[in-house]
Amino acid sequence: MKGKLEPSERQKLIEEGKNLKEELVTLEEDLLKLTDELQQEAQSIPNMTHPDVPLGGEDSSTVRKMVGKPAEFSFAVKDHVQLGKELDLFDFDAAAEVSGSKFYYLKNEAVILEMGLVNWAVSEAMKRGFTPLTTPEIVRSSVVEKCGFQPRGTNTQVYSIENSDQCLIGTAEIPVGGIHMDSILSESSLPLKYVAFSHCFRTEAGAAGAATRGLYRVHQFSKVEMFILCRPDESDSYHEELIEIEEELFSSLGFHFKTLDMASEDLGAPAYRKFDVEAWMPGLGRYGEISSASNCTDYQSRRLGIRYRPESSSASPKKGKNAAPTQFVHTLNATACAVPRMIVSLLENFQQEDGSVIIPEPLRPFMGGLQIIKPKHIQN
C-alpha cells in the first residue's frame with residue numbers, strides 16, 4: 001500500500017484488508033467460544049485415583065478404623081430437633097419465614113456452643129502447626145472452577161451472584177487455595193499449613209428426605225477447614241496426618257465414629273483419595289458424615305498456577321540457568337469442624353434422661369466453663 005499503485009489496485013487492497021479484519025474478528029469470537037467449550041469439557045475430567053482406592057460406588061467404600069461404641073441409653077432417645085426445641089436452642093420456623101427452608105437461628109447455649117466449637121478446633125489445629133485464617137466468603141467463579149467445582153453445572157452446589165463473576169463459597173478450601181494462586185513458592189517454605197474459619201453456602205440441589213432433617217443439611221453453616229500445600233512426595237504422608245488429627249479431635253469429644261476410605265465413584269473431581277469420618281447419631285439412628293480429608297495432588301495447583309522451585313543440589317547450577325525447573329505443589333484439605341453436624345452429634349450422644357445435655361470436657365474452657373445445657377424449668 002506504500003508503493004505507487006493504480007487507484008483500482010489500491011481500492012482492491014483496501015477491500016481485502018477490510019475483509020481480513022472482519023474475518024479476524026469472527027475467528028477471535030470463535031476462539032473464545034471454543035476455549036470456553038474446551039474448558040467446560042476439561043472440567044469434566046477428574047483427578048487420577050490412588051491405587052489403593054476401592055473401586056465402585058459409595059457402598060464399596062471400606063472401613064479404615066472404628067473408634068468407640070454407640071452410646072447406650074436407658075430411656076427413649078430424642079433427635080437433635082426435639083432436643084433443640086425443648087432446650088430452646090434453635091428456631092427453624094422463623095428462619096424459614098425470613099430466609100427460606102434449610103436455614104436456622106441458633107439461640108441461647110447453642111450460640112455459645114458454636115463459638116466454642118470453632119475456637120476449640122482452631123486452637124487444636126494451631127497446636128499442630130497450622131496458621132489461622134479467616135477468608136473472603138465471596139470469590140471469583142474462575143477460582144471456584146480452578147479448585148474443581150462447577151458453578152455453572154446443572155446440579156451445582158454453588159450459589160452464583162447474578163450479574164457478576166462471583167460466587168459464595170461452599171468451603172474455605174476455595175479461598176485458601178487461591179491465596180498463592182499464580183505464584184512460585186520456595187521449597188523451604190513448604191509445607192504451608194492453614195486452618196481457616198468461614199461461613200459456607202451450599203444450594204444442596206437434589207437433597208431431600210429424612211436425611212436432611214434439622215441441622216443435618218442446611219444452606220449456610222460455619223466450618224473450620226485445614227489446608228496444606230506441600231511437595232508431591234509428601235502428600236500421602238500429610239493425608240495420613242490430616243485424618244489422624246480429625247480422629248484425635250473427635251475421639252477427645254467422646255464420639256463413636258468410623259473412618260472410611262471412600263470408593264472411586266464417590267471421590268469428586270479434585271480428590272485423588274478421600275477419607276470420610278462418619279459419627280454415630282443416635283437420634284437419627286444412623287451414622288452421619290461429620291468430616292472428610294482429601295488429597296488433591298496437583299489437580300488444583302495446576303489450575304491455580306501454584307508451583308515451587310526445588311532448591312539446588314550440592315552441584316552448583318550452570319551460569320545463567322536456574323537450579324531446577326519449577327514443579328506444582330500438592331494440595332490437601334480436611335474438615336476440623338463443620339458446626340451443624342457437630343452440634344447434631346453432641347446433642348444426640350450426650351443427652352440425659354432429664355432432657356439436659358452434657359458438654360464434653362475439652363469444649364468447656366471455650367464455653368465459659370459451661371458443663372451442661374439444662375431445660376429452662378430445671379436451670380437452678
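Residue numbers count from 1 along this sequence.
Between Phe75 and Gln351 the shortest heavy-atom distance is CZ-O, 3.6 Å. Between Asp79 and Gln82, the shortest heavy-atom contact is OD1-N, 2.9 Å. Of all heavy-atom pairs between Pro310 and Thr326, the closest is CD-CA, 4.3 Å. Of all heavy-atom pairs spanning Cys296 and Asn47, the tightest one is O-ND2, 3.1 Å. Closest heavy-atom contact between Gly288 and Tyr216: CA-OH, 3.3 Å. Looking at every heavy atom in both residues, Ser252 comes nearest to Trp120 through OG-CZ2, 3.7 Å.
Phe255 is listed as a side-chain neighbour of Met342, based on a closest heavy-atom distance under 4.5 Å. No side-chain heavy atom of Val224 sits less than 4.5 Å from a side-chain heavy atom of Leu117. Residues Ser142 and Asp165 fail the side-chain proximity criterion, which asks for heavy atoms closer than 4.5 Å. Taking the side chain as every heavy atom from C-beta outward, Glu29 and Val25 approach each other to under 4.5 Å. At a threshold of 4.5 Å between non-hydrogen side-chain atoms, the residues Glu86 and Pro375 do not count as touching. Contact of the Ser294 side chain with the Tyr299 side chain is not registered, since no non-hydrogen atoms from C-beta on lie closer than 4.5 Å. At a threshold of 4.5 Å between non-hydrogen side-chain atoms, the residues Gln220 and Glu137 do not count as touching. At a threshold of 4.5 Å between non-hydrogen side-chain atoms, the residues Asn349 and His256 do not count as touching.
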- Message: Could you go through Glu244 and Arg128, starting from their C-alpha distance and side-chain angles, then the distance that decides it, and tell me whether this counts as salt bridge (Lys or Arg N to Asp or Glu O under 4.0 Å)?
- Response: CA-CA 11 Å; Glu244 286 171 9; Arg128 293 163 171 84; over 6 Å; no
- Task: Could you give me the CA-CA distance, side-chain angles and deciding distance for Ile358 and Ser356, then say whether side-chain contact (heavy atoms from CB on, under 4.5 Å) is met?
- Result: CA-CA 7 Å; Ile358 293 175; Ser356 62; 5.6 Å; no
- From CA spacing to verdict: side-chain contact (heavy atoms from CB on, under 4.5 Å), Ser235, His239: CA-CA 6 Å; Ser235 65; His239 195 202; over 6 Å; no
- Please walk me through it: do Phe130 and Val122 pass side-chain contact (heavy atoms from CB on, under 4.5 Å)? CA-CA 9 Å; Phe130 288 74; Val122 171; over 6 Å; no
Below 3.5 Å, can you tabulate the donor-acceptor pairs from side chains in residues 12-19 to any protein atom, sequence neighbours excluded?
unit_1: Glu15; atom_1: OE2; unit_2: Gln11; atom_2: NE2; d: 3.1
unit_1: Asn19; atom_1: ND2; unit_2: Glu15; atom_2: O; d: 3.3

Hey, can you pull the donor-acceptor pairs under 3.5 Å for the side chains in residues 52-62, sequence neighbours left out?
unit_1: Ser60; atom_1: OG; unit_2: Leu55; atom_2: O; d: 3.4
unit_1: Ser61; atom_1: OG; unit_2: Glu58; atom_2: O; d: 2.9
unit_1: Ser61; atom_1: OG; unit_2: Ala263; atom_2: N; d: 2.9

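Sorted by first and then second residue, the salt bridge (charged side-chain N to carboxylate O under 4.0 Å, His left out) pairs with a member in residues 65-74 read Lys65-Glu247; sequence neighbours excluded. Among pairs with a residue in residues 231-242, those fulfilling salt bridge (charged side-chain N to carboxylate O under 4.0 Å, His left out) read Arg64-Glu240, Glu187-Arg231, Lys193-Glu241, Arg231-Asp233, Arg231-Glu234, at least two apart in sequence or across chains.
Residues satisfying the salt bridge (Lys or Arg N to Asp or Glu O under 4.0 Å) test with Arg303, not counting sequence neighbours, are none. Shown here are the ring-ring contact (aromatic ring centres under 6.0 Å, His included) partners of Phe103, two or more places apart in sequence or in another chain: His219. For Ser251, the side chain to side chain contact (heavy atoms under 4.5 Å, CB included) partners are Val67, Phe257, not counting sequence neighbours. With sequence neighbours left out, Phe197 forms a ring-ring contact (aromatic ring centres under 6.0 Å, His included) with His199. For Phe221, the side chain to side chain contact (heavy atoms under 4.5 Å, CB included) partners are Tyr104, Cys200, Arg202, Val218, Lys223, Pro340, not counting sequence neighbours. Residues forming a side chain to side chain contact (heavy atoms under 4.5 Å, CB included) with Glu37 (at least two apart in sequence, or on another chain): Lys33, Leu34.
At a threshold of 4.5 Å between side-chain heavy atoms, the hydrophobic network of Ile, Leu, Val, Met, Phe, Trp and Tyr places Met48 and Met262 in two separate groups. Cluster annotation: Leu253 and Phe73 are assigned to distinct hydrophobic clusters (Ile/Leu/Val/Met/Phe/Trp/Tyr, side-chain heavy-atom contacts under 4.5 Å, transitive). No continuous path of ILVMFWY side-chain contacts below 4.5 Å connects Tyr105 to Leu87, so the two sit in separate hydrophobic clusters. Under the 4.5 Å side-chain heavy-atom criterion for ILVMFWY residues, no single connected hydrophobic cluster contains both Val81 and Leu106. Transitive grouping of hydrophobic side chains (ILVMFWY, heavy atoms separated by less than 4.5 Å) brings Met115 and Phe90 into a common cluster.
Note that CZ of Phe201 is 12.0 Å distant from OG1 of Thr171, once rounded to the nearest 0.5 Å. The line from CG of Leu89 to CD of Glu109 is 6.0 Å long, rounded to the nearest 0.5 Å. Note: Thr297 OG1 to Tyr272 OH = 7.5 Å, rounded to the nearest 0.5 Å. Considering OG of Ser198 and CD of Glu225, their distance stands at 8.0 Å, rounded to 0.5 Å. Taking CD of Glu348 as the reference point, atom NE2 of His80 lies at 6.5 Å (rounded to 0.5 Å). Atom CG in Asp88 sits 13.0 Å away from atom CG in Leu83 (nearest 0.5 Å).
Other residues sharing a hydrophobic cluster with Ile306 under the 4.5 Å side-chain heavy-atom criterion for ILVMFWY residues are Leu133, Val139, Val143, Val144, Phe149, Val158, Ile169, Ile174, Val176, Ile179, Met181, Leu185, Leu190, Leu192, Tyr194, Phe227, Leu229, Leu304, Tyr308, Val329. Applying the under-4.5 Å side-chain rule to Ile, Leu, Val, Met, Phe, Trp and Tyr, the cluster around Tyr287 extends to Met66, Trp280.
No more than 12 heavy atoms of other residues, nucleotides or ligands shown are found within 6.0 angstrom of CD on Glu361.
At least one donor-acceptor pair under 3.5 Å links the side chain of Gln157 to the backbone N or O of Glu204. Listed for the Ser291 side chain is a donor-acceptor partner under 3.5 Å among the backbone atoms of Thr335.
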